[in-house]
There are 2 protein chains.
Amino acid sequence: MAKDKTLGRGSYHHGDLRQAMIEAAEAVLAEKGVGGFTLRECARRAGVSPAAPAHHFGNLVGLLTVIATLGFDDLSEAMEAAVAEAIRSGGDRLAAICEAYLAVALARPGRFRVVFGRLGLKNEDENLRRAGIRAFGILVRETKLALGRQTEGEDLLTRPLPLFADDPDLAAILFVWSVTHGFSTMLIDGQLGPFEMQPSGRERLCELYSKQLVGLLLAAVRQMTARPGPLANPCRHG
Amino acid sequence: MAKDKTLGRGSYHHGDLRQAMIEAAEAVLAEKGVGGFTLRECARRAGVSPAAPAHHFGNLVGLLTVIATLGFDDLSEAMEAAVAEAIRSGGDRLAAICEAYLAVALARPGRFRVVFGRLGLKNEDENLRRAGIRAFGILVRETKLALGRQTEGEDLLTRPLPLFADDPDLAAILFVWSVTHGFSTMLIDGQLGPFEMQPSGRERLCELYSKQLVGLLLAAVRQMTARPGPLANPCRHG
DNA sequence: CTCATATCTTGACGCTGTTAAGTTTGTGGC
DNA sequence: GCCACAAACTTAACAGCGTCAAGATATGAG
């Protein structure tokens with residue numbers, strides 16, 4: 001069933017409601033934000049009744065979970081592509097994935113907000129979990145590579161919880177992620193609004209990120225490379 | 001009016017509904033998150049009818065705006081207190097405010113989520129704006145101080161928008177903020193859940209933050225101090 | 001005491017997510 | 001080709017939501 005997508009609006013069956021709902025949801029999220037997001041509104045845009053989506057996604061959380069999974073896949077694919085491009089052009093791989101992360105957030109703010117929003121997803125969903133771990137695995141691999149560790153392509157899915165409990169690189173990994181994620185979310189959510197009031201202000205902030213923040217990040221990681229193992233905070237007696 | 005707060009539940013007038021609503025709201029936010037937040041639920045906990053809050057806050061957004069303002073004040077006070085303590089004990093001031101930021105987020109996740117959530121606040125509210133700029137001003141001051149710049153106690157409220165358009169320290173400021181904010185939000189929102197599965201896992205993450213991430217942050221800023229002005233990302237030809 | 005005013009309640013509106021039951025459509029077995 | 005079945009969708013209904021208008025009640029100033 002549903003092989004022919006040309007059923008279209010006129011007929012009783014939509015034809016590809018699943019995809020249409022996802023697109024509608026992302027459109028609503030992108031233009032109205034999390035607050036204005038409504039399942040009924042999405043159904044309206046897709047041209048179906050409010051109860052129609054239930055068959056495909058169960059409920060609202062199910063729809064969001066599917067979108068979040070796509071969001072993780074976006075991140076994974078963009079980061080992998082960025083790494084490939086960095087290898088080709090001789091650029092820094094870690095810098096490449098940091099920029100790719102922000103680029104994804106800006107390109108599809110709807111998806112990104114769902115992934116890292118506070119809407120509540122179906123966290124036990126297996127597809128979501130795999131997609132998340134895949135994306136995170138890329139970050140781990142590239143950070144370790146930047147640290148000079150040899151990475152053996154371990155499957156994170158088989159790692160015991162808690163992840164990286166005794167990994168000496170955990171600090172570096174979370175540092176990279178914090179900077180990248182922090183800047184991306186603040187930019188997406190408008191917390192940096194006061195800095196981008198003039199025309200093309202957002203572009204200038206992205207440039208600042210690419211040219212300076214990522215540079216600071218790399219410098220910090222490189223410093224860790226020189227002195228492997230935990231780096232003590234010199235201002236604490238711990 | 002409302003001088004005697006002992007009116008209590010029995011009487012027609014609550015006595016201090018404004019405060020009661022704020023507390024109820026934060027309790028709901030802390031235990032149910034943004035998704036389960038409801039004005040009616042808050043009114044229920046405060047023991048009043050659903051329409052009662054309207055007189056004090058206008059509407060739901062008004063309540064959230066007040067809470068967000070308190071959240072900014074929390075941040076400001078905690079950071080100032082941390083600076084004072086750092087001065088007293090000889091610790092690093094910038095490290096102190098980074099740790100204070102996370103501490104506030106963990107201590108009052110309800111407020112913190114409202115401040116930086118995606119719920120939509122009354123952004124033109126003057127109190128909110130002032131509180132936000134005050135908190136941000138502390139971050140700016142301490143970052144500039146760490147960079148060795150002399151800070152003349154400028155009032156950010158009078159700065160023209162966009163803020164810091166040509167400030168050479170903007171990158172450092174946003175870097176510090178990104179790390180601190182990124183880690184705090186990820187921890188609060190459970191994105192770091194896989195790392196804290198065992199008992200007292202959150203404490204270990206906080207320790208990692210204090211002892212290593214903040215250390216990396218300081219190292220990056222110090223490096224900037226040595227080489228003032230914009231720091232080029234060495235892996236880009238910009 | 002009187003009465004304006006601030007505070008809270010009641011009742012209603014349209015909206016939401018979700019469910020149950022019924023209707024239409026496509027598909028595989030014959 | 002036909003038919004039964006399953007999938008996809010609709011309609012109708014439910015409780016709960018935010019908000020508003022109108023009415024009730026308490027407070028404090030005169």
Side-chain angles (χ1 to χ4, degrees), chain A residues 1-25 28-29 32-67 114 117-122, chain B residues 1-25 28-29 32-67 114 117-122:
Chain A
M1 78 209 58
K3 281 175 188 171
D4 186 4
K5 313 202 171 187
T6 62
L7 277 174
R9 314 300 89 87
S11 52
Y12 193 97
H13 283 15
H14 182 286
D16 194 12
L17 180 56
R18 185 184 164 90
Q19 188 60 31
M21 279 296 297
I22 291 172
E23 286 166 12
V28 173
L29 280 164
K32 297 197 185 178
V34 168
F37 177 76
T38 279
L39 191 60
R40 280 179 119 105
E41 168 73 11
C42 299
R44 227 172 281 132
R45 294 198 186 199
V48 297
S49 77
H55 202 299
H56 294 273
F57 304 100
N59 55 15
L60 185 140
V61 173
L63 170 58
L64 292 177
T65 301
V66 170
I67 293 175
V114 172
R118 297 154 232 253
L119 290 159
L121 307 177
K122 205 169 154 193
Chain B
M1 80 212 59
K3 282 176 186 170
D4 185 5
K5 313 202 173 186
T6 63
L7 277 175
R9 316 298 90 83
S11 52
Y12 192 96
H13 283 15
H14 181 284
D16 194 12
L17 180 57
R18 185 185 165 90
Q19 188 59 31
M21 279 297 296
I22 292 172
E23 287 167 12
V28 172
L29 280 164
K32 297 196 185 177
V34 169
F37 178 75
T38 279
L39 191 62
R40 282 179 120 104
E41 167 73 11
C42 298
R44 226 172 282 132
R45 295 200 186 197
V48 297
S49 77
H55 201 299
H56 295 273
F57 304 100
N59 56 15
L60 186 140
V61 173
L63 172 57
L64 292 177
T65 301
V66 170
I67 294 175
V114 173
R118 296 155 230 253
L119 290 159
L121 306 176
K122 205 170 154 193

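Every chain is numbered from 1, with letters handed out A, B, ... down the list of sequences.
Look at CG on A/L64: it is 12 Å from C1' on C/dG17, rounded to the nearest Å. Atom pair A/L39:CG and C/dT18:C1' shows a separation of 9 Å (rounding to whole Å applied). D/dC20 atom C1' lies 17 Å from atom NE2 of B/H56, rounded to whole Å. Here C/dT7 presents its P atom at 14 Å from CE of B/M21, a figure rounded to the nearest Å. Rounding to whole angstrom units, CZ of residue A/R40 and P of D/dA15 are separated by 15 Å.
In this structure, the separation between NE2 on B/H14 and CD on B/Q19 is 10.0 Å, given to the nearest 0.5 Å. Residue A/H56 holds its NE2 atom at 11.0 Å from CG of A/L63, rounded to the nearest 0.5 Å. Remark: A/R40 CZ to A/S49 OG distance equals 9.0 Å, nearest 0.5 Å.
Taking only side-chain nitrogens and oxygens, A/N59 comes nearer than 4.0 Å to OP1 or OP2 of C/dT18. Put simply, B/H55 has no side-chain N or O that comes within less than 4.0 Å of OP1 or OP2 on C/dC8. OP1 and OP2 of D/dA26 both lie 4.0 Å or more from every side-chain N or O belonging to B/H14.
In this structure, of D/dT10, D/dC17, C/dT18, it is D/dC17 that holds the atom nearest to the side chain of B/R44. Distance from the side chain of B/L60 is smallest to D/dG18 among D/dT11, D/dG18, C/dT19. Proximity note for B/T38 (side chain, C-beta onward) versus C/dT9, C/dT16, D/dG18: the nearest is D/dG18. In the set D/dT19, D/dT10, C/dG17, D/dT19 carries the atom at the smallest distance from any side-chain atom of B/P50.
The only member of A/V114, A/V28, A/L119 that meets side-chain contact (heavy atoms from CB on, under 4.5 Å) when paired with A/F37 is A/V28.
Nearest-nucleotide mapping onto DNA chain D: of A/R18 and B/E41, the residue sitting toward the 5' end is A/R18.
Note on B/A54: nothing from the nucleic acid sits closer than 4.0 angstrom, heavy atoms only.
Under the 4.5 Å side-chain criterion, counting only non-hydrogen atoms from C-beta, B/I67 is not in contact with B/F57.
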